[in-house]
Amino acid sequence: MPVVNMVQALNSALREEMRRDPRIIVLGEDVGRRGGVFLVTEGLIEEFGPERVIDTPLTEAGIVGVATGMAMYGLKPVAEIQFIDFIYEAFDQIVTNLSKIRRRTGGMYSAPLIVRGPCCGGVKGGMFHSQSNESYFIHTAGLIVVMPSRPYDAKGLLKASIRGEDPVIFLEPKILYRTVKEEIPDGDYIVPIGESRIVKEGSDATIVTWGAMVYQALETSKLVESKHGWSIEIIDLRTLFPYDKDSIIESLEKTGRLVIVHEAPKTLGLGAEIAAYIAENYIELLKAPIIRVAGFDTPFPLVHEKLYMPNIARIYMGLSKVMSY
Amino acid sequence: MPVVNMVQALNSALREEMRRDPRIIVLGEDVGRRGGVFLVTEGLIEEFGPERVIDTPLTEAGIVGVATGMAMYGLKPVAEIQFIDFIYEAFDQIVTNLSKIRRRTGGMYSAPLIVRGPCCGGVKGGMFHSQSNESYFIHTAGLIVVMPSRPYDAKGLLKASIRGEDPVIFLEPKILYRTVKEEIPDGDYIVPIGESRIVKEGSDATIVTWGAMVYQALETSKLVESKHGWSIEIIDLRTLFPYDKDSIIESLEKTGRLVIVHEAPKTLGLGAEIAAYIAENYIELLKAPIIRVAGFDTPFPLVHEKLYMPNIARIYMGLSKVMSY
Amino acid sequence: MGSIFKKYSLEDLGFNVEEALGLYRVIDEDGNVVGEEPKVSGEKLLEMYVFMVRARILDDWILKLQRIGKVAIHAPNKGQEAVAVGAASALDKGDWLFPSYRELGAYLVRGLSEEEILDRAIADADDPLKGAEFAIYGNREYNVVPAPVPVGSHIPLAVGAAMAAKIMGHKTVVMAIFGDGATSRGDFHSGLNFAGVFKAPAVFVIQNNQYAISLHVTRQTAAKTLALKGAAYGVPGVRVDGNDVLAVFSVASKAVEKARNGGGPTLIEALTYRVGPHTTADDPGRYRSQEEAKAFEKLDPIDRYRKYLINRGLLSDSEDKRIWGEWGLKIEDIVKKCYNKPPLPAEVIFYNVYSKPTWNLIEQMGELRESLKLLEELGLEVE
Amino acid sequence: MGSIFKKYSLEDLGFNVEEALGLYRVIDEDGNVVGEEPKVSGEKLLEMYVFMVRARILDDWILKLQRIGKVAIHAPNKGQEAVAVGAASALDKGDWLFPSYRELGAYLVRGLSEEEILDRAIADADDPLKGAEFAIYGNREYNVVPAPVPVGSHIPLAVGAAMAAKIMGHKTVVMAIFGDGATSRGDFHSGLNFAGVFKAPAVFVIQNNQYAISLHVTRQTAAKTLALKGAAYGVPGVRVDGNDVLAVFSVASKAVEKARNGGGPTLIEALTYRVGPHTTADDPGRYRSQEEAKAFEKLDPIDRYRKYLINRGLLSDSEDKRIWGEWGLKIEDIVKKCYNKPPLPAEVIFYNVYSKPTWNLIEQMGELRESLKLLEELGLEVE
Ligand SMILES: Cc1ncc(C[n+]2csc(CCOP(=O)(O)OP(=O)(O)O)c2C)c(N)n1
Ligand SMILES: Cc1ncc(C[n+]2csc(CCOP(=O)(O)OP(=O)(O)O)c2C)c(N)n1
Ligand SMILES: [Mg+2]
Ligand SMILES: [Mg+2]
C-alpha cells in the first residue's frame with residue numbers, strides 16, 4: 001500500500017473514477033496544464049484530454065452553473081473552486097439550481113455533481129484563502145457536505161461522492177494537503193457518506209470535530225490525559241451533512257459531556273446545530289453544558305490565525321468547562 | 001396618531017429620513033414609478049426625483065455592489081431586493097465587500113447601507129417568493145439582521161438602521177405588509193437595534209420568535225392557556241443579529257422552558273444558535289429540552305405552505321414537549 | 001516598428017455587426033412578404049399558426065383561472081406568441097429547450113399538452129412538478145427544462161447541457177429563451193462567455209418585450225441593441241422582428257443548423273412588446289402610457305401571420321374560425337377537467353429534496369404527520 | 001411598410017469600433033514617436049519614469065522578502081509598470097482609484113509611500129489595514145481603496161462611488177483597474193452595465209497581461225478584444241499598448257477628462273504581459289513556453305520609455321543611473337526599517353468588524369485573552 005498525502009489521494013480518486021466512467025469530467029480555473037493551484041488535478045489533462053479536463057474562464061457562477069447543466073444532461077462533473085472563499089459568486093446557482101433542481105423539476109432532473117475546493121485556515125492565507133464556510137451549504141436543503149481529515153477518507157469520500165446521486169460540496173482543508181501522509185489501498189474503496197469515524201475512544205468527554213481540527217483535538221486530548229487523566233473520545237464527522245448523529249449520541253451515552261470544535265465562525269457554525277439537536281432530543285444524557293470551541297465571529301485574519309482558530313489552549317478550556325461542571 | 005399598515009410605516013420611514021438627510025437614496029428594481037412591487041417606495045420618486053430614487057437594471061449583485069460603493073463614497077443607500085429570495089446573486093458582494101469592507105480596509109472605509117426586501121411565506125409565493133434566509137446573513141460577521149413584525153417596529157427599526165453605522169439586512173415578512181394595522185406616532189421615533197420586545201408575559205414557558213410567527217405564537221398561547229392553563233411568555237426578537245440574549249435569559253429565569261419558533265429551515269436556522277447558546281451558558285436554567293419549531297429542511301413549497309411553516313398545531317406540540325418533560 | 005500586439009479591424013471581427021444592429025423581417029404588419037420566406041411546407045406554416053392560437057386561448061384561460069383564485073399567478077403571453085412558437089419550431093425532437101416563464105407557445109410546440117400545463121398552473125394532483133413552484137412549465141419527456149424563477153439563472157444550465165452534448169458526441173442543440181431583463185444578470189455574462197469560448201451548440205433567444213416589469217429596455221442597458229451584446233463573447237448576434245413568426249423561425253433555424261454543424265452559438269434578439277401586465281399582480285398604468293401600449297397592440301403577431309397565410313391561400317376565413325372554435329372548445333373542456341382535480345397530498349413537501357430522504361427529513365415527516373393528526377383532533381384548519 | 005422597431009447601422013452605434021479593435025501607441029519599442037505625444041511638461045514625463053523605477057525596485061524587494069518568509073505572498077508587477085503608472089497619472093488628487101493587487105506603480109503615483117506598502121506586505125505593527133489581508137494596498141488619504149481578493153469584486157464598488165460622486169455634484173472621477181481574467185466575472189458585467197446606463201464618471205482599465213494564472217486570454221473569452229466588451233454596455237472601448245506608458249497616459253487622460261465633463265465612462269484595454277509568475281506560489285513553466293515569455297521580456301516598458309526620454313533629451317545615462325541608485329538605497333533603508341518592526345497585537349482579530357463590537361465579540365475577546373494566558377501558563381506556543 002503506497003504512502004500518500006491528501007493531494008495524491010484526491011488525484012488518484014479522480015483518475016480512477018475518470019478511467020471507470022467516461023461521463024466523469026473535471027472543470028475549473030487552472031485545472032488543466034497547471035494541475036490546479038494545489039495540483040489536485042495534476043496530470044489529468046494529459047491522460048483525459050481537454051474535453052474532460054476543462055480550464056474555465058474566471059467565473060465561479062459560470063463553473064457551477066455550467067456544471068449543473070452538464071450534470072442535468074448526463075455528465076458527472078467534478079467542479080473545482082480554486083479556493084472555497086471564491087464560491088459566493090456561484091451562490092445563486094447553488095441555492096437556486098444545484099440544490100433544488102430535483103425538487104423544482106418534480107424529480108425529472110437531477111444534478112449529482114461535486115463542487116470541491118480547498119478550505120479552512122492555517123497557511124497564512126488571510127481573509128479570502130482561509131474560510132470555513134460549510135454552514136452556508138448545510139443550511140441549504142438538497143446538498144451533501146463533506147470534509148475529510150486524512151488521505152484515506154479523502155479518496156474514499158470523493159469516490160463515494162462521485163458515485164452518489166446528490167450534489168456534494170466537498171471541502172478539503174488545505175493545511176492537510178501535504179502535512180498528513182498515510183498508507184492507503186491502491187485500488188478501489190469507498191468511505192460511505194454520512195458515517196463518522198471514532199478517531200480515539202474515551203469515556204469522560206466527547207469531542208465532535210472535523211477537518212484539521214481533528215489534530216488539534218488529538219493533541220489536546222493527550223495533554224489533558226497526561227495532566228488530569230481525562231479520557232477523551234474524539235469523533236471526526238467527515239460528512240457534515242447529513243451528519244452522523246447516532247455516533248454522537250452513542251458517545252454521549254458513555255461520556256455525558258460534549259465539546260464541539262470547528263474552525264468556522266461560532267455563530268451558526270455547525271456546532272450550533274449539533275448542540276441544539278442534542279439539547280432538543282438528548283438533554284437527559286448531559287452531565288454538563290455543551291461547549292463550542294470555534295473560529296471567532298470575525299473575518300478570518302491574516303495575522304494570528306492560530307489564535308483565531310481553535311487551538312490547544314482553547315480546546316483545553318472547553319474540556320475544562322465540561323469536566324469541572 | 002394615524003393607523004397604518006407595514007407598507008405605509010416603511011414608506012413613511014423612508015420619506016422622513018430622505019427629507020432629513022439628502023445623502024439617503026433608494027435604489028432597486030422597479031422602485032421608481034412602479035413604487036416597488038409592494039409599493040414600499042410609492043411616491044418617493046415624485047418627491048425626490050430619479051437621482052435619489054433609482055430604478056436599476058435587473059441584477060442584485062449590481063444593486064448591492066453599487067450601493068456599497070455609494071456608501072463608501074458618502075451616500076446612505078437603502079437598496080431594495082424585490083424578493084429576498086433573489087439576493088443570492090449578490091452574495092459575493094455581501095460576504096466579500098458589504099460585510100467586510102470596514103475590516104478589510106483597516107477601518108478606513110465603511111458601508112453602512114440597508115439592504116431591505118420582502119421575505120418569508122404565507123402568500124402562496126412558492127419556492128422563490130417565500131424564503132426566510134436570515135441564517136446566511138447572521139453567520140456572516142459584519143452584518144446586522146433585522147425583521148420587524150408590526151408597523152410600529154418596521155418604521156422605528158428602519159430609521160434606526162438608516163442612522164446606524166453598520167450594514168443592515170432588513171427583512172420584511174410580506175404577509176404582514178397589509179394584514180397588520182396599528183396606530184403609530186406620526187413623526188420621528190426609533191426602535192433600537194438589538195432590543196427584543198416582550199409580546200406577552202407568562203410564567204410557564206418562553207417562546208422566542210420573530211416575524212409573522214409572532215402571531216402564530218400568540219394564537220397558540222391562547223389555545224394552550226384556555227386548554228391547559230399554561231402561561232406563555234412570547235419574545236419577538238426584532239433584531240436577529242445581534243439578538244437580545246439578555247431578554248431570553250431573563251425570561252428563562254422565570255419559566256425554565258424554551259421553545260423557539262421560526263419559518264427558516266430548522267437545520268442551522270437561528271433557533272440552533274439560540275439553543276446552543278443557552279445549552280452552553282445557561283443550561284442550569286432549563287427544566288426541559290429546548291424545542292425548535294421551524295420550517296422543514298426542504299425548499300419552500302407552493303402547496304401546503306401553512307403545513308410547512310410553524311402553525312398552531314406544531315407550536316402546540318412544541319409547548320407540550322417542554323411542559324410535559 | 002510594428003507592435004508585437006496585433007491590431008484588428010472590422011473585417012477581423014468574425015461578427016456581422018449589421019445583423020446585430022439591423023432587423024430581420026419576412027412579413028410586414030400587413031402580412032406582405034418583405035424578406036425571404038423559410039423553405040418549409042404549407043403544413044408546417046399552418047401548424048405554427050395553430051400553436052399561436054392555442055397559446056393565446058390557453059393564456060386567456062390561465063388568466064381567468066388566476067382571477068378566480070384557482071391559479072396563484074400568471075405571466076401573460078399575449079402579443080409575444082411569435083417568438084415562442086417561431087423559436088421552438090426550429091428545434092428537432094431531440095434538442096433541448098430551457099425556456100423562461102412566458103412561452104406557452106414554445107411548450108406546446110415541444111409537445112406539452114394543455115392539460116399538463118393546466119395541472120401545473122393549478123398545482124393539482126396531476127401536477128408533474130408536484131407543487132414545487134408556480135407558473136413554471138417543463139417536461140423531461142419533451143426535453144423542456146422547467147425554469148428557475150430567478151430570472152436568467154437557467155442560462156448557464158443551458159450552456160452546460162450544450163457543452164455536455166458536444167462532449168458526449170451528440171448532435172443535440174440547446175436553446176435558451178429569456179427576457180431583455182435577464183441580459184443584465186451575471187448568469188447571462190457567464191453563460192454567453194462559456195458558450196463563446198467552448199463553441200457550445202447553443203442558441204440564445206432574447207424575448208425583448210421592451211420591459212422588465214416597469215423598466216424599459218433603454219434603462220436596462222445603454223447598449224444600442226441587445227444582439228450587440230454577443231460581441232462581448234464572440235457570439236454572433238442577430239436582431240429580428242419578434243412579431244414576425246417567420247422571421248423568428250428563419251433566424252432560429254439558421255442558428256440551430258449552425259450550432260448542430262459545429263458552428264457554435266448564436267444570440268438572437270427578438271423584438272416584441274408585452275401588451276399586458278408583467279404578471280397578474282402588476283399594474284402597468286403606473287409606469288407606461290396607454291398610447292404606447294395601444295400602438296403595439298396593433299402589431300398583433302397572430303393577426304399579422306393570419307393575413308400572410310390568407311394571402312398565400314394556406315388559410316381561409318372559415319378555416320380560421322374553425323381553428324379558433326375547435327381549440328376554444330377543446331381547451332375549455334380541459335380546463336373543466338383540471339378544475340375539479342383533487343389537490344396534492346401534504347407529503348409532497350418532502351419529495352425530491354434528495355435522492356433518498358435524509359434522517360432529518362424523516363424526523364420532520366413524522367412531525368408533519370403528527371401535526372396533521374393534532375389539527376384534526378383540535379378541529380382546526382390552517383390552510 | 002416600415003417596422004415600428006428601429007433599425008440601426010454602424011453610424012448609430014455611438015461607439016468607435018476601430019478604437020476597440022485597434023491599438024493606440026505613442027512610442028514604439030525603440031522609443032521612437034509613432035503617435036501623438038501627450039501635452040505635458042518634461043517634469044511630468046520624467047516623474048512617470050521615476051514612478052516606474054520605484055515600482056520595479058519595490059517589487060523586487062517584496063519578492064525577496066517573500067522568499068525569506070517575511071511576506072506571505074506577492075503578485076509580481078514586473079513588465080506591467082506602464083499600465084499602472086500611466087493610468088494613475090491621469091487622475092487628479094481628488095479622484096478615486098480602485099486598483100487590483102498588481103499595481104505598485106499606481107499606489108506610488110497616488111501618494112502611498114514605500115514604507116506603508118512594506119508595512120502592509122509584512123503586516124507589521126504599522127500596517128494600515130491591521131493585518132486584515134495580504135498583498136492588498138490602499139489608503140483613504142489618497143483615495144486608493146484596498147481591493148478585495150476575489151478578482152473583479154471591486155468593479156461595482158467603483159461604479160457606485162462614481163455614481164455617488166455624480167449624485168452629490170462632485171467632479172470626482174473614479175478609476176478601476178483589473179485584469180483580463182476579471183472581465184469574466186459577473187461583477188464586470190453588472191458594474192459596466194450600471195456605468196453605461198447611469199453615465200457614471202468612471203474609467204475602467206483592463207490590465208490585459210494575457211494570463212489569468214495559467215489561462216491565456218484567448219481562452220478567457222472568444223471576444224476579439226476586451227475593449228470590444230464595452231459594446232455590450234454602451235461604454236466606448238479603447239485598446240492601447242500597455243507597455244507604452246505615454247499611450248496609456250494619453251488614453252486614460254482623455255477618458256478621465258471625458259468622465260469629468262459628464263461624458264460618461266470609458267473601458268480601456270491595456271495590452272501587456274506578465275513576465276513573471278502569477279504569484280510567488282506559481283510556476284509558469286507548467287503552462288507556457290520559455291520562448292513566449294522571452295519574447296515579451298524584450299518589450300520592457302521601462303527600457304522603452306528610457307529610450308524615449310533620452311531621445312527627447314529629458315534624461316541622460318548618468319541621470320538614469322542616479323535615479324536607480326538613489327531609489328535603490330532609499331528603498332533598501334525602508335526595507336531594513338520595516339523588517340524590524342514589531343508584530344500587530346492579537347486583538348486586531350476583533351478590530352473593525354462592526355462600528356462597535358457586538359456582545360458575542362466581547363465574549364470572544366475574553367476567550368482569546370484567557371487562551372493567551374493559558375498558553376503562557378502551559379509554556380506553549382501555537383504561532
Ligand atoms: C433574479 C431575479 N430578480 C428579480 C426577479 C423579479 N422579477 C420577475 S420577472 C422580472 C422582470 C423580468 O424581465 P424580463 O427578463 O425582460 O422578462 P419578461 O418578464 O419581460 O418576460 C423581475 C424583475 C426575479 N424573478 N429574479
Ligand atoms: C473570484 C476569484 N476567483 C479566483 C481567484 C484566484 N485567482 C487569483 S488571481 C487569479 C487570476 C486573475 O487574473 P487577471 O484578472 O487576469 O489578473 P492578473 O493576475 O493577471 O493580474 C485567480 C484565478 C480569485 N482571486 N478570485
Ligand atoms: Mg422583458
Ligand atoms: Mg491577467
Side-chain angles (χ1 to χ4, degrees), chain B residues 22-23 25 27 51-52 54-75 77 89-90 92-93 95-113 141-144 164-167 194 241-246 273 277 281, chain D residues 96 98 120 127-133 136 138-141 144-150 152-168 170 172 174 185-187 189-198 200 348-356 358-361 363:
Chain B
R23 295 174 312 137
I25 64 141
L27 75 165
E51 286 233 310
R52 293 183 63 201
I54 304 172
D55 273 323
T56 67
L58 207 173
T59 158
E60 288 72 17
I63 294 168
V64 175
V66 162
T68 304
M70 288 173 159
M72 290 169 70
Y73 190 88
L75 289 178
E89 193 197 44
D92 180 50
Q93 282 299 330
V95 173
T96 294
N97 286 324
L98 184 61
S99 68
K100 295 190 178 55
I101 199 76
R102 189 187 288 274
R103 170 66 176 132
R104 76 169 183 69
T105 65
M108 288 182 190
Y109 293 92
S110 64
L113 62 86
L143 302 175
I144 305 284
E165 289 172 53
D166 295 298
F241 193 84
Y243 67 88
D244 186 352
K245 72 167 167 35
D246 295 334
E273 179 58 35
Y277 187 80
N281 298 288
Chain D
W96 282 43
F98 286 78
R120 268 272 54 228
D127 174 6
L129 302 194
K130 309 277 182 287
E133 182 50 301
I136 292 297
N139 190 332
R140 182 168 191 141
E141 204 178 318
V144 180
V145 183
V149 163
S153 295
H154 59 308
I155 302 172
L157 301 186
V159 175
M163 286 174 67
K166 188 175 171 187
I167 291 168
M168 293 167 84
H170 298 175
T172 316
V174 180
R185 293 203 71 231
D187 287 322
H189 192 57
S190 65
L192 271 279
N193 193 36
F194 268 71
V197 168
F198 297 103
V348 292
I349 293 172
F350 293 99
Y351 285 10
N352 297 312
V353 184
Y354 292 89
S355 56
K356 283 173 221 65
T358 46
W359 61 259
N360 57 317
L361 294 181
E363 287 185 2

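Residue numbers begin at 1 in each chain, while the letters A, B, ... track the order of the sequences.
Only the side chain of B/I54 comes within contact range of chain D, with heavy atoms under 4.5 Å apart. When heavy atoms are compared at a cutoff of 4.5 Å, B/Q93 approaches chain D solely by way of its side chain, counted from C-beta outward. For a residue to count as touching a neighbouring chain, one of its non-hydrogen atoms must lie under 4.5 Å from one of that chain's; by this rule D/A165 touches chain B with backbone and side chain alike. With a 4.5 angstrom heavy-atom cutoff, D/V174 does not touch chain B via any of its atoms. When heavy atoms are compared at a cutoff of 4.5 Å, D/V197 approaches chain B solely by way of its side chain, counted from C-beta outward. No part of B/A67 comes within reach of chain D, as not one of its non-hydrogen atoms sits under 4.5 angstrom from that chain. For chain D, the nearby part of B/D55 is the backbone; its heavy atoms alone come within less than 4.5 Å. Of the atoms belonging to D/R120, not a single heavy atom falls under 4.5 Å from chain B. For D/I349, the part lying near chain B is the backbone, with the side chain staying farther off; criterion is any non-hydrogen pair under 4.5 Å.
Residues D/Y354 and B/P242 form no side-chain contact, since every pair of their non-hydrogen atoms from C-beta on lies 4.5 Å or further apart. The shortest side-chain heavy-atom distance between B/V66 and D/M163 falls under the 4.5 Å cut-off. Under the 4.5 Å side-chain criterion, counting only non-hydrogen atoms from C-beta, D/F198 is not in contact with B/E51. At least one side-chain heavy atom of B/F241 sits under 4.5 Å from a side-chain heavy atom of D/N360. In this structure the side chain of D/K130 reaches within 4.5 angstrom of the side chain of B/R103, judged on heavy atoms. Annotation: side chain of D/R140 is not in contact with side chain of B/T105 (no heavy-atom distance under 4.5 Å).
Chosen from D/G186, D/A147, D/G131, the residue pairing most often with chain B at heavy-atom distances under 4.5 Å is D/A147. Of the listed residues D/P148, D/A195, D/P146, D/A162, the one with more heavy-atom pairs under 4.5 angstrom with chain B than any other is D/P148. Across D/V159, D/I155, D/T172, the residue that shares the most heavy-atom pairs under 4.5 angstrom with chain B is D/T172. With chain B as the partner, the residue from D/I136, D/V348, D/D127 showing the most heavy-atom pairs under 4.5 Å is D/V348. By number of non-hydrogen pairs under 4.5 angstrom with chain D, the leading residue of B/E165, B/R104, B/M70 is B/R104. Options B/T68, B/N97, B/T96 differ in how many heavy-atom pairs under 4.5 Å they form with chain D, and the most are formed by B/N97. Looking only at heavy-atom pairs under 4.5 Å with chain D, the residue among B/I101, B/L143, B/V64 that has the most is B/L143. When D/A161, D/P128, D/A158, D/G138 are compared by the number of non-hydrogen pairs under 4.5 Å with chain B, D/A161 comes out ahead.
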*List the steps, then state whether side-chain contact (heavy atoms from CB on, under 4.5 Å) holds for D/V145 with B/M72.*
CA-CA 9 Å; D/V145 183; B/M72 290 169 70; 3.4 Å; yes
_Set out, in order, the CA-CA distance, both residues' side-chain angles and the distance that settles side-chain contact (heavy atoms from CB on, under 4.5 Å) for B/L75 and D/M168, then state yes or no._
CA-CA 8 Å; B/L75 289 178; D/M168 293 167 84; 3.6 Å; yes
*Begin with the C-alpha distance, continue with both residues' side-chain angles, and end with the deciding distance and a verdict on side-chain contact (heavy atoms from CB on, under 4.5 Å) for B/T59 and D/F194.*
CA-CA 10 Å; B/T59 158; D/F194 268 71; 3.7 Å; yes
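Judged purely by distance below 3.5 Å, without hydrogens or angles, the side chains of B/D92 and D/S153 pair a donor atom with an acceptor atom. When only modelled atom types and interatomic distance are considered, D/E363 and B/N281 share no side-chain donor-acceptor pair under 3.5 Å.
When all heavy atoms of D/N139 and B/Y109 are compared, the pair lying nearest together is O-OH, 4.3 Å. Heavy-atom minimum distance, D/N352 versus B/G106: ND2-C, 3.3 Å. Contact record, B/A61 with D/S190: C-OG, 4.3 Å, taken as the closest heavy-atom pair.
The aromatic rings of B/Y73 and D/H170 lie tilted to each other, with the angle between the two planes from 30° to 60°.
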